[in-house]
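As structure tokens, the structure follows; a few thoughts come after it.
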Amino acid sequence: MHKKLSRRMFMQGAAAALSATAAARITAAPSKEMVRPQPIYGPPPGVAKLNANENPYGPSPAALKAMMEASQKGAYYVYDSVMRLKSMIAERHGVTPDHVALGSGSSAGLTAAAIVAGREGNILGPDLFWDTTSRVVEIQNLGKIKRLPKLDSLAIDLDAMYSAIDDSVSMVQVTNPNNPTGMLINPVKMREFCLKASKKCTVLADEAYNELTDSSDANTVIPLVKEGHDIIVARTFSKIYGLAGMRVGYLIAQPEKIEQMQRFGIGWYGLNQAGLAAAIACYEDHRFMDFCRGKVKEAREMVASAVKENGLSALPSVTNFMFVNLGDLNAETFRQEMEKEGVLIRGIYRDYTNWSRVSMGHLEDVEKYTSALPKVLHRMS
Ligand SMILES: Cc1ncc(COP(=O)(O)O)c(C=O)c1O
């Protein structure tokens, strides 16, 4: 005889099946795993994760609350929440919602921008920048990434960049502040460069860390988009908002450009209800952002003094990471030695073999870095 399968019975059955599977797994698992299960949503307890420029002070309380609510409506597609966030962003920057595209992190938009540019020519960038998404043009044989020569200061030379824009270049990419250097370009120079360069090709300004600078509004080129120039600005909820795992980012550009890029992986279908809810809840949460900026500054001061005390130097960062000059030490060996101390940092970038990037996490994690530093340097000397 068939019983009517109620939702409650279904849930009970599912729970029983789950616990049976879990029990089987526990019986089969090695005892070590039973004692210390590895978390899958963040670093294991005791490990200082300072390798991905995340902001562990997020999500903000308002974002958490909104996510809980939105997850209960996870059965529904996201159209209305996309429209809401787009209008908030448009209003904040004085552009129309047609100037805004949302994506799964800013990576989605940056990849779309690179594909559109790659179909028309090469992408020009400094020697060192966050090129993870733009590399898609080389992977897909669309175009090349042309790089400026390396400078001793590791700064971006905008004059050299302007001179290097030839007919083969369809887009010039400036990460400001730059990753992994953490350095900011003078806002007047950046504005002048964007005005000139956007007459020759598209300018992509990746402003992932903009809100971590002391003056977010002075350091953005979004007003130039509003004035009608061919500039794409990329922003993200992954950094100051502490929502890297919720995957929300956006582009601001001319509506025709947005339309072109929307053919390559950005648009509402890449987003999720919880991420959008979190972004909507914290977009204008200035108290939370001030709090995070304060913590990041404190952390940078701790790293700067530790670096100095240990005879090293670091670039002047305005972001939640620092690029440390290890002298004649190898950054990959340094990374491995730090990992043995429970501190995760980045290894070598390109041929910058003695430069090491460390992110500003919780202060107690940054303290782990500063106390491990003399030990590791001693071992490596
Ligand atoms: C400069 C820069 N841009 C963009 C991104 C991509 O971040 P997301 O896709 O999480 O927005 C990162 C990530 O670290 C970054 O450093």
Side-chain angles (χ1 to χ4, degrees), residues 99 101 103 106-151 153-210 219-236 249-254 256-258 260-261 264 266 349-350:
H99 285 82
S106 58
S107 300
L110 288 163
T111 306
I115 293 173
V116 168
R119 287 156 63 99
E120 289 162 15
N122 296 324
I123 296 175
L124 173 67
D127 188 50
L128 194 57
F129 69 108
W130 196 77
D131 57 8
T132 309
T133 44
S134 287
R135 271 190 261 135
V136 68
V137 297
E138 296 187 333
I139 295 163
Q140 294 196 7
N141 278 326
L142 292 171
K144 294 235 166 321
I145 301 182
K146 281 182 57 175
R147 294 173 195 270
L148 294 179
K150 195 193 256 185
L151 291 186
S153 65
L154 269 63
I156 299 176
D157 181 346
L158 291 181
D159 292 333
M161 198 166 230
Y162 180 71
S163 308
I165 304 174
D166 58 24
D167 289 346
S168 79
V169 174
S170 54
M171 185 171 84
V172 60
Q173 184 163 350
V174 184
T175 311
N176 188 39
N178 200 6
N179 178 9
T181 66
M183 292 194 292
L184 180 71
I185 296 172
N186 172 297
V188 178
K189 290 209 173 115
M190 179 66 180
R191 189 185 146 85
E192 278 168 9
F193 168 79
C194 287
L195 283 173
K196 280 197 306 183
S198 62
K199 291 193 172 56
K200 288 184 159 190
C201 66
T202 301
V203 176
L204 171 58
D206 180 352
E207 296 186 352
Y209 300 96
N210 164 277
N219 291 316
T220 182
V221 290
I222 294 175
L224 299 184
V225 180
K226 197 176 157 187
E227 288 172 23
H229 301 283
D230 183 13
I231 296 168
I232 305 168
V233 177
R235 290 279 188 97
T236 182
Y250 59 97
L251 298 180
I252 299 189
Q254 300 310 323
E256 317 82 72
K257 200 78 182 185
I258 293 282
Q260 252 183 319
M261 291 187 289
F264 300 99
I266 44 174
Y349 283 86
R350 296 169 57 76

> Would Ser168 and Lys146 satisfy side-chain contact (heavy atoms from CB on, under 4.5 Å), going step by step from the backbone distance to the final call?
Replying inline: CA-CA 10 Å; Ser168 79; Lys146 281 182 57 175; 4.0 Å; yes
>> Checking Asn122 against Lys144 for the side-chain contact (heavy atoms from CB on, under 4.5 Å) test, could you report, in this order, the C-alpha distance in whole Å, the side-chain angles of both residues, the deciding distance, and whether it holds?
In response: CA-CA 5 Å; Asn122 296 324; Lys144 294 235 166 321; 3.5 Å; yes
> Run the side-chain contact (heavy atoms from CB on, under 4.5 Å) check on Val172 and Phe193 step by step: do they pass?
Replying inline: CA-CA 11 Å; Val172 60; Phe193 168 79; 3.9 Å; yes
> When you look at Lys257 and Leu251, which way does the side-chain contact (heavy atoms from CB on, under 4.5 Å) test go after all the steps?
Replying inline: CA-CA 10 Å; Lys257 200 78 182 185; Leu251 298 180; over 6 Å; no
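To the nearest 0.5 Å, atom CG of residue Asp166 and atom NZ of residue Lys200 are 8.5 Å apart. Cys194 SG to Asp230 CG: the interatomic distance, rounded to the nearest 0.5 Å, is 11.0 Å. The distance from the CG atom of Leu148 to the CD1 atom of Ile156 is 8.5 Å, given to the nearest 0.5 Å. Rounding to the nearest 0.5 Å gives a distance of 8.5 Å between CD of Gln260 and CD1 of Ile232. To the nearest 0.5 angstrom, Leu224 atom CG is 8.5 Å from Met190 atom CE. Rounding to the nearest 0.5 Å places CD1 of Ile123 at 8.0 Å from CG of Leu204.
Put simply, the side chain of Gln173 never gets that close to the backbone of Leu124: no donor and acceptor are under 3.5 Å apart. Between the side chain of Lys196 and the backbone N or O of Glu192 there is no donor-acceptor pair closer than 3.5 Å. Glu207 places no side-chain N or O within donor-acceptor distance of the main-chain N or O of Asn176, the cut-off being under 3.5 Å. Between the Asn219 side chain and the Asn210 main chain, no donor and acceptor come within less than 3.5 Å of each other. A side-chain donor-acceptor contact under 3.5 Å links Ser170 to the backbone of Ala117. The main-chain N or O of Lys189 is found under 3.5 Å from a side-chain atom of Asn186 such that the two form a donor-acceptor pair.
Counting non-hydrogen atoms of other residues, nucleotides and ligands closer than 6.0 Å to CZ of Arg350 gives a total above 12.
Closest approach of Ala205 and Val221 over heavy atoms only: CB-CG2, 3.7 Å. Taking each heavy atom of Ile266 and Ala101 in turn, the nearest pair found is CD1-CB, 3.8 Å. Of all heavy-atom pairs spanning Val137 and Ala114, the tightest one is CG1-O, 3.1 Å. Nearest heavy-atom pair, Ser107 versus Thr111, reported as atom, atom and distance to 0.1 Å: O-OG1, 2.6 Å. Of all heavy-atom pairs spanning Thr236 and Ser106, the tightest one is CB-OG, 3.6 Å. In this structure, Asp206 and Trp130 approach most closely via the heavy-atom pair OD2-CE3, 4.1 Å.
The side-chain heavy atoms of Glu120 and Thr202, taken from C-beta on, include no pair separated by under 4.5 Å. Using a 4.5 Å heavy-atom threshold, the side chains of Phe129 and Ile145 count as touching.
Salt-bridge annotation for Glu227 and Arg191: present, with a side-chain N of the basic residue lying under 4.0 Å from a carboxylate O of the acidic one.
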